[in-house]
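Read through the structure below, which is laid out as structure tokens, and then see the notes.
We use all heavy atoms of the structure for the numbers below, so side chains are in, but hydrogens, waters and symmetry mates are not. We name chains A, B, ... by the order of the sequence lines, and we start the count at 1 in each one.
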Protein chains: 2
Amino acid sequence: MNIGLLLYIPYRELENRIMAAVTAAGYDVTLAQARVLQRIGPDGTRLTELAEAAQVTKQTAGFLVDQLEKAGYVERVPDPTDGRARLVRITEKAQGALPVAGEEMARIEAEWEQHIGKRRMGQLREALEKLVEVTDPYR
Amino acid sequence: MNIGLLLYIPYRELENRIMAAVTAAGYDVTLAQARVLQRIGPDGTRLTELAEAAQVTKQTAGFLVDQLEKAGYVERVPDPTDGRARLVRITEKAQGALPVAGEEMARIEAEWEQHIGKRRMGQLREALEKLVEVTDPYR
DNA sequence: CTACTTTAATCAGAGTCTCTGACTAAAACA
DNA sequence: TGTTTTAGTCAGAGACTCTGATTAAAGTAG
């Protein structure tokens, strides 16, 4: 089995389950919206930064933020340090979703560790962290 | 850094580079088309099977196969064992793309091994193969 | 200070991907 | 034979993403 599929299959499982948990908790967010949402920092993040982090164009990021804003999950506030820019911030309404996602992620990691063992899980994480050094275009 | 992103970043790099290599070799295929294409077996595969393997609906798979067919990369032939079914087969035109993808993949794996070391690469593969046992819905 | 360049964001339009629901035809089964 | 299941298609809509052009603010060189 090729390494691409080996990386992708667990990733997709993780993403699907987290989305399901968030949806079950009553948050109506799509996958693309969630990918943007999780990149927003605690003090707000500029659209351009979000676009880079999520690997989409500014237009796409703007489109998704528009939807998130309409749904009340984010708000845009002026950036005090730059008159052109605005900061996208997570609203109180969306704050509750973060721990839901975090808990589901922890649950999944625990399941994985149970199956492959603590040692292998540690090796997996170590290898991936090293691999990200050469494959992440934003570091 | 969360495990999801750790899995996704190298995956995306792999996918992007393979797509770039295939495109550079003169094959005009989209990512979604490629995901279907790589699931087609040597003797042809049914649409329904492709849909399951690629994790999309039959309609979506059909839509992508239509495009691949128009571009001359696949053909549909009757399934001799089932009058309702048709086998999607890779045409000669598309055969050349497979080694291009394979070579790029091997090149990337070699680079990764160079960076993280042979030992870690082995551990990574071992851990992922074990992980796929519990995360692959199609096995 | 002024003119030029860059940067942040948006507007407009199009192409691609994916889905739900309804349907046809062949196969499998009771 | 009649019913149910399976393989695939048709129709329509929604979601995602892109390229190109534009506006406004900031930065920079003279």
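Considering all non-hydrogen atoms of both residues, B:G26 and B:Y73 come closest at O-OH, 4.5 Å.
As rounded to whole Å, 16 Å separates atom P of C:dT7 from atom CG of A:D79. Distance, B:L68 CG to C:dC17 P: 10 Å, rounded to whole Å. Atom CG in A:N16 sits about 11 Å away from atom P in C:dC19, given to the nearest Å. Atom-to-atom, CZ of A:R86 to P of D:dA24 comes out at 14 Å; the value is rounded to the nearest Å. Following rounding to the nearest Å, A:R12 (CZ) and C:dT18 (P) show an atom-to-atom distance of 12 Å. The distance between atom CG of B:L37 and atom P of C:dC17, rounded to the nearest whole Å, is 13 Å.
For residues 23-42 of chain A, the set of pairs meeting the salt bridge (Lys or Arg N to Asp or Glu O under 4.0 Å) definition, not counting sequence neighbours, comprises A:E15-A:R35. The stretch residues 90-131 of chain A participates, sequence neighbours left out, in no ring pair (Phe, Tyr, Trp, His ring centres under 6.0 Å) pair at all. Applying the ring pair (Phe, Tyr, Trp, His ring centres under 6.0 Å) test to pairs two or more places apart or on separate chains, those with a residue in residues 11-45 of chain A are A:Y11-B:Y8.
Residues satisfying the salt bridge (Lys or Arg N to Asp or Glu O under 4.0 Å) test with B:K58, not counting sequence neighbours, are none. Judged as a side chain to side chain contact (heavy atoms under 4.5 Å, CB included), and not counting sequence neighbours, the contacts of A:M19 are A:L31, A:A34. Scored by the side chain to side chain contact (heavy atoms under 4.5 Å, CB included) test, A:L98 finds A:I90, A:Q95 as partners (sequence neighbours excluded). For the side chain to side chain contact (heavy atoms under 4.5 Å, CB included) test, residues two or more places apart in sequence or in another chain that qualify with A:E75 are A:V77, A:R89, A:T91.
Taking every heavy atom of residues 43-50 of chain A and every atom of DNA chain C, pairs under 4.0 Å involve A:R46, A:L47, A:T48, by number. Across residues 20-28 of chain A, not one residue has a non-hydrogen atom less than 4.0 Å from an atom of DNA chain D.
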For every nucleotide of nucleotides 25-30 of chain C, 5' to 3': is a protein heavy atom under 4.0 Å from its base (B), only from its sugar-phosphate (S), or from neither (-)? BBS---
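Each end of the helix from C:dC1-D:dG30 to C:dA30-D:dT1 gets its own axis, taken as the rotation carrying the C1' atoms of four end pairs onto the next four within a five-pair window, and the two axes meet at 30° to the nearest 10 degrees.
Contact check on B:R17 versus B:E111 returns a salt bridge, with a Lys/Arg side-chain nitrogen under 4.0 Å from an Asp/Glu carboxylate oxygen. One finds a salt bridge joining B:R125 and B:E129 here, because a Lys/Arg side-chain nitrogen approaches an Asp/Glu carboxylate oxygen to under 4.0 Å.
By the neighbour-count criterion of 12 heavy atoms within 6.0 Å, atom CD of B:Q114 is sparsely surrounded, having that number or fewer from other residues, nucleotides or ligands.
The side-chain heavy atoms of B:V132 and A:L5, taken from C-beta on, include no pair separated by under 4.5 Å. Counting heavy atoms from C-beta on, the side chains of B:L87 and B:T45 never come closer than 4.5 Å.
Side-chain N or O atoms of A:K93 include one that pairs as donor or acceptor with a backbone N or O of A:A71 at under 3.5 Å. A donor-acceptor pair under 3.5 Å is formed between the side chain of B:Q33 and the backbone N or O of B:T30.
In terms of hydrophobic clustering, with Ile, Leu, Val, Met, Phe, Trp and Tyr side chains grouped at heavy-atom distances under 4.5 Å, B:V29 and B:L14 are assigned to a common cluster.
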So which protein nitrogen or oxygen atoms get under 3.5 Å of nucleotides 12-19 of chain D's nitrogens or oxygens?
from   : atom 1 : to    : atom 2 : distance (Å)
D:dC16 : OP1    : A:T30 : OG1    : 2.7
D:dC18 : OP2    : A:T57 : N      : 2.9
D:dC18 : OP2    : A:T57 : OG1    : 3.1
D:dC18 : OP2    : A:T60 : OG1    : 2.8
D:dT19 : O4     : A:Q59 : NE2    : 3.4

